[in-house]
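Basis for what follows: all heavy atoms, side chains included, without hydrogens, waters or symmetry-related copies. This is a predicted model, so every value here is computed, not measured.
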Amino acid sequence: MLPQLLKVFKEPNYSFSVRRDLVPHVNNRWHYHTEVELIHFDKGEGMQFVGDSIERFNDGDLVLVGSNLPHYWRFDDEYFGDQPTRYADTRVVHFCEDFWGDNFLQLPENASIKIMVEKGKHGLHIYGETAKKVAMLMQQLLEAEGPQRLVLLLTALDLIARCKDVTTLSSIGFSYDLVDSEKNRINDIYEYSVKNFRDKIALSEIAGVANMSPHSFCRFFKSRTRKTYSQFLIELRVGHACKLLIEDNFSIKQVCFQSGFHNFTSFHQYFKKITGKSPLTYKKEFVTS
């Protein structure tokens, strides 16, 4: 599943870029870039694809994506259209691993940051108080000038490097072959799947989207993502079910069928396998918190 190379632009008088996005479709494609990306979703929810990881992102999430790791944030439908009912607000920092010089990360004082940047090549999700503190630093970065920019970024990275509330997103075994001729295929597959996962998607149907035979599509998808397309669809559906359970507007049985599952028993089994909790337990934890 091959991503599109994205050119990250920065002002000529800055060594790294910082921006605030208020629209949900900026770079809304499966892509990668040489720069490390640090993104905070002050407001925004949807499906997150980082390497071979698929899960929901929510308000307050902080994610670090390492150099050349493919990723894609697909905001929920409520953020689009002529009259969207929800609005995005994100902070994004891009920096090259060596923008501060060839030897900076080799300094003994920066050993923990060097290790963190290396781990970031599989994607990191940062939680808790660290995420809140880093989010404040990223907000300050939008207005900072001169050496203060460097100090704020280094402080943010140091906080992440020392944080215990962090999980790795993509599996260690994830790899990708960057063939330019196939760079749009993943985006077509993801877009079609996100729009249609509530319905049954036949193998011939999704293979047609990829312009491949069903057999070739299965081999291609499994070799690139380390999972079958059926597994991929189940993860999408469970992610959507999590969203509906948190919103608490539907019964669990309604959530099952509105998420694309057609069997209540299998819904319970897949949900618990992926989240580690039953749908009822998941719902209670969020609704009563």
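- Listed for the S170 side chain is no donor-acceptor partner under 3.5 Å among the backbone atoms of G51.
- Counting only N and O atoms by type, the side chains of E37 and Y32 include no donor and acceptor under 3.5 Å apart.
- Side-chain N or O atoms of N263 include one that pairs as donor or acceptor with a backbone N or O of S266 at under 3.5 Å.
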Stepwise salt bridge (Lys or Arg N to Asp or Glu O under 4.0 Å) check, D89 with R20: CA-CA 7 Å; D89 189 355; R20 180 187 185 189; 2.8 Å; yes
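- Judged by distance alone, the side chain of R185 and the main-chain N or O of A210 form a donor-acceptor pair under 3.5 Å.
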Intermediate values then yes/no, side-chain contact (heavy atoms from CB on, under 4.5 Å), F217 and I189: CA-CA 11 Å; F217 173 82; I189 294 170; 3.7 Å; yes
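- Of the residues L137, I160, V134, the one that meets the side-chain contact (heavy atoms from CB on, under 4.5 Å) test with T155 is L137.
- Each of F267, Y282, F271 was compared with I252 under the side-chain contact (heavy atoms from CB on, under 4.5 Å) criterion, and only F267 meets it.
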Verdict with supporting geometry, T275 and V238, side-chain contact (heavy atoms from CB on, under 4.5 Å): CA-CA 8 Å; T275 67; V238 168; 3.9 Å; yes
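- Surrounding CD of E143 are at most 12 heavy atoms belonging to other residues, nucleotides or ligands under 6.0 Å away.
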Would you check, one step at a time, whether the test side-chain contact (heavy atoms from CB on, under 4.5 Å) holds for K227 with E235? CA-CA 11 Å; K227 64 185 70 176; E235 291 179 15; 2.9 Å; yes
Start with the C-alpha distance between R86 and D77, add both sets of side-chain angles, then the distance that settles salt bridge (Lys or Arg N to Asp or Glu O under 4.0 Å), and finish with yes or no. CA-CA 9 Å; R86 306 191 69 181; D77 291 341; over 6 Å; no
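- Below 30°, between 30° and 60°, or above 60°: for Y72 and F49 the angle between ring planes is below 30°, a parallel geometry.
- Partner of T130 under the side-chain contact (heavy atoms from CB on, under 4.5 Å) criterion, chosen from L62, D165, V166, L159: L159.
- Under 3.5 Å, the side chains of Y229 and S193 contain a donor-acceptor pair of N or O atoms.
- At least one side-chain heavy atom of F99 sits under 4.5 Å from a side-chain heavy atom of L150.
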Quick one, L124 with L169, criterion side-chain contact (heavy atoms from CB on, under 4.5 Å). Give me CA distance, side-chain angles, the key distance, then yes/no. CA-CA 6 Å; L124 300 175; L169 294 172; over 6 Å; no
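- Within a 6.0 Å sphere centred on NZ of K272, other residues, nucleotides and ligands contribute 12 heavy atoms or fewer.
- For the pair N58 (side chain) and E45 (backbone), a donor-acceptor distance under 3.5 Å is absent.
- Other residues, nucleotides and ligands place no more than 12 heavy atoms under 6.0 Å from the NZ atom of K119.
- Counting heavy atoms of neighbouring residues, nucleotides and ligands inside a 6.0 Å radius, atom CG of D98 exceeds 12 of them.
- Aromatic ring orientation, F104 versus W100: tilted (interplanar angle from 30° to 60°).
- Applying the ring-ring contact (aromatic ring centres under 6.0 Å, His included) criterion to Y127, with sequence neighbours excluded, gives H125.
- Residues F232 and Y190 bring their aromatic ring centres within 6.0 Å.
- Proximity of the aromatic rings of H94 and F16 is defined here by a centroid distance below 6.0 angstrom, and this criterion is not met.
- Note: H31 and H33 have tilted aromatic rings, judged against thresholds of 30 and 60 degrees for the angle between ring planes.
- Although no hydrogens or angles enter the test, the distance criterion places no donor-acceptor pair under 3.5 Å between the side chain of Q258 and the main chain of V255.
- With a 6.0 Å radius and a threshold of 12 heavy atoms from other residues, nucleotides or ligands, Y270 has its OH atom at or below the threshold.
- Here the CZ atom belonging to R198 is positioned 8.0 Å from the OG atom belonging to S259, to the nearest 0.5 angstrom.
- Checked against salt bridge (Lys or Arg N to Asp or Glu O under 4.0 Å), K43 has no partners two or more places apart in sequence or in another chain.
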The test is side-chain hydrogen bond (donor to acceptor under 3.5 Å, both in side chains); show your working for Y87 and E78 and say whether it passes. CA-CA 8 Å; Y87 297 91; E78 294 89 337; over 6 Å; no
In sequence, state the C-alpha distance, the side-chain angles, and the governing distance for E145 and R149, and then conclude on salt bridge (Lys or Arg N to Asp or Glu O under 4.0 Å). CA-CA 6 Å; E145 296 290 343; R149 282 170 51 89; 5.9 Å; no
